[in-house]
S.K.: 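Quick one: the structure is below, questions incoming.
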Amino acid sequence: MIQSEEAEYFMEAVRELIQRYGLEEDFEHVIIPLHGENGRIRRCYLLKRRFIRIVYPEGHFIDYPLAQVIEAIIRYPEISLSEALYLLHKETDELIPELPENKNDEN
């Protein structure tokens, strides 16, 4: 029962963001319209999943809740998603996930 409650909470948060920002959606995607440099509208399609995984070049990854990803894209559409998420966490004074250090022990 806990999983269904978590799923409902997740979907409620996503629905609230869709309404607040006037976003589009289909069965599998949240669709965020963005204005391109030349004035044309482009769209960002995000799968409706609880988390979006960002894989960093250093080899580590962080799973971000979909609601945070949507907020980051809306607030900072001109920069990369990883930078936008960092700024969103910094702006809201949320705990920024610690990045694991890659240790190369040569013994």
Side-chain angles (χ1 to χ4, degrees):
M1 193 62 154
I2 292 174
Q3 278 187 327
S4 64
E5 289 175 14
E6 289 176 2
E8 186 58 35
Y9 175 76
F10 154 76
M11 284 309 299
E12 186 59 36
V14 171
R15 279 189 218 108
E16 192 269 324
L17 289 172
I18 289 170
Q19 288 180 346
R20 182 189 318 163
Y21 294 116
L23 305 178
E24 303 168 23
E25 69 176 315
D26 63 20
F27 182 71
E28 290 186 342
H29 302 95
V30 174
I31 306 165
I32 303 172
L34 302 169
H35 296 284
E37 293 176 10
N38 58 1
R40 295 182 66 186
I41 294 180
R42 54 192 177 101
R43 289 175 173 76
C44 175
Y45 289 79
L46 299 173
L47 286 172
K48 289 181 180 176
R49 303 290 184 263
R50 288 186 190 174
F51 298 96
I52 302 273
R53 177 168 287 175
I54 305 292
V55 179
Y56 293 90
E58 299 84 22
H60 62 274
F61 61 86
I62 299 174
D63 293 333
Y64 291 96
L66 181 61
Q68 288 181 3
V69 172
I70 292 170
E71 283 281 351
I73 292 171
I74 298 282
R75 291 184 188 191
Y76 307 104
E78 66 283 347
I79 61 176
S80 72
L81 180 55
S82 59
E83 291 176 64
L85 285 162
Y86 177 80
L87 290 175
L88 180 68
H89 280 263
K90 190 175 176 181
E91 175 183 294
T92 58
D93 292 329
E94 289 183 21
L95 180 63
I96 298 171
E98 288 293 322
L99 302 179
E101 293 183 26
N102 294 334
K103 295 181 180 179
N104 293 329
D105 293 332
E106 296 180 20
N107 292 336

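When a residue number appears, it is its place in the shown sequence, counting from 1.
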S.K.: By the ring-ring contact (aromatic ring centres under 6.0 Å, His included) test, which pairs, at least two apart or in different chains, include something from residues 23-44?
M.R.: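 Every pair satisfying ring-ring contact (aromatic ring centres under 6.0 Å, His included) with a residue in residues 23-44: H29-Y45.
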S.K.: Is Y56 linked to V69 within one hydrophobic cluster, defined over Ile, Leu, Val, Met, Phe, Trp and Tyr using a side-chain heavy-atom separation of less than 4.5 Å?
M.R.: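 Looking at the clustering, V69 is in the same group as Y56.
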S.K.: Taking the hydrophobic residues Ile, Leu, Val, Met, Phe, Trp and Tyr, and joining any pair whose side-chain heavy atoms are under 4.5 Å apart, which ones share a cluster with Y9?
M.R.: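 The other cluster members (ILVMFWY side chains, heavy atoms under 4.5 Å, direct or chained): none.
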S.K.: Scan V30, I70, I32, L66 and name whichever one has a side chain to side chain contact (heavy atoms under 4.5 Å, CB included) with L17.
M.R.: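 The option that passes is I70.
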S.K.: Is there a path of hydrophobic side-chain contacts, each under 4.5 Å between heavy atoms of I/L/V/M/F/W/Y residues, joining L34 to I18?
M.R.: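 Same cluster: I18 reaches L34 through Ile, Leu, Val, Met, Phe, Trp or Tyr contacts under 4.5 Å.
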S.K.: What pairs with R53 under side chain to side chain donor-acceptor pair (under 3.5 Å), at least two apart in sequence or on another chain?
M.R.: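 R53 satisfies side chain to side chain donor-acceptor pair (under 3.5 Å) with D63 once adjacent residues are dropped.
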S.K.: In the structure I gave you, are the side-chain heavy atoms of I31 and L23 within less than 4.5 Å of one another anywhere?
M.R.: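 Of all side-chain heavy-atom pairs linking L23 with I31, none is under 4.5 Å.
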S.K.: Output all residues satisfying side chain to side chain donor-acceptor pair (under 3.5 Å) with E24, sequence neighbours left out; order by chain, then residue number.
M.R.: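 For E24, no residue satisfies side chain to side chain donor-acceptor pair (under 3.5 Å) once neighbours in sequence are set aside.
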S.K.: Of all heavy-atom pairs between A72 and L88, which one has the smallest distance, and what is that distance?
M.R.: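 Nearest pair, atom of A72 first, then L88: N-CD2, 3.9 Å.
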S.K.: Distance-only check: which donor-acceptor pairs under 3.5 Å involve side-chain atoms of residues 73-82, not counting sequence neighbours?
M.R.:
| residue | atom | partner | partner atom | Å |
| --- | --- | --- | --- | --- |
| R75 | NE | E71 | OE1 | 3.2 |
| R75 | NH1 | E91 | OE2 | 2.0 |
| R75 | NH2 | E71 | OE1 | 3.4 |
| Y76 | OH | E91 | OE1 | 2.5 |
| S80 | OG | S82 | OG | 3.4 |
| S80 | OG | E83 | N | 3.4 |
| S80 | OG | E83 | OE2 | 3.0 |

S.K.: Between L47 and I52, what is the shortest heavy-atom contact and its length?
M.R.: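 Reported closest heavy-atom pair: O-CD1, 4.4 Å.
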S.K.: With R15, which residues qualify under salt bridge (charged side-chain N to carboxylate O under 4.0 Å, His left out), at least two apart?
M.R.: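 Partners of R15 by the salt bridge (charged side-chain N to carboxylate O under 4.0 Å, His left out) criterion, ordered by chain and then number, come out as E8, E12.
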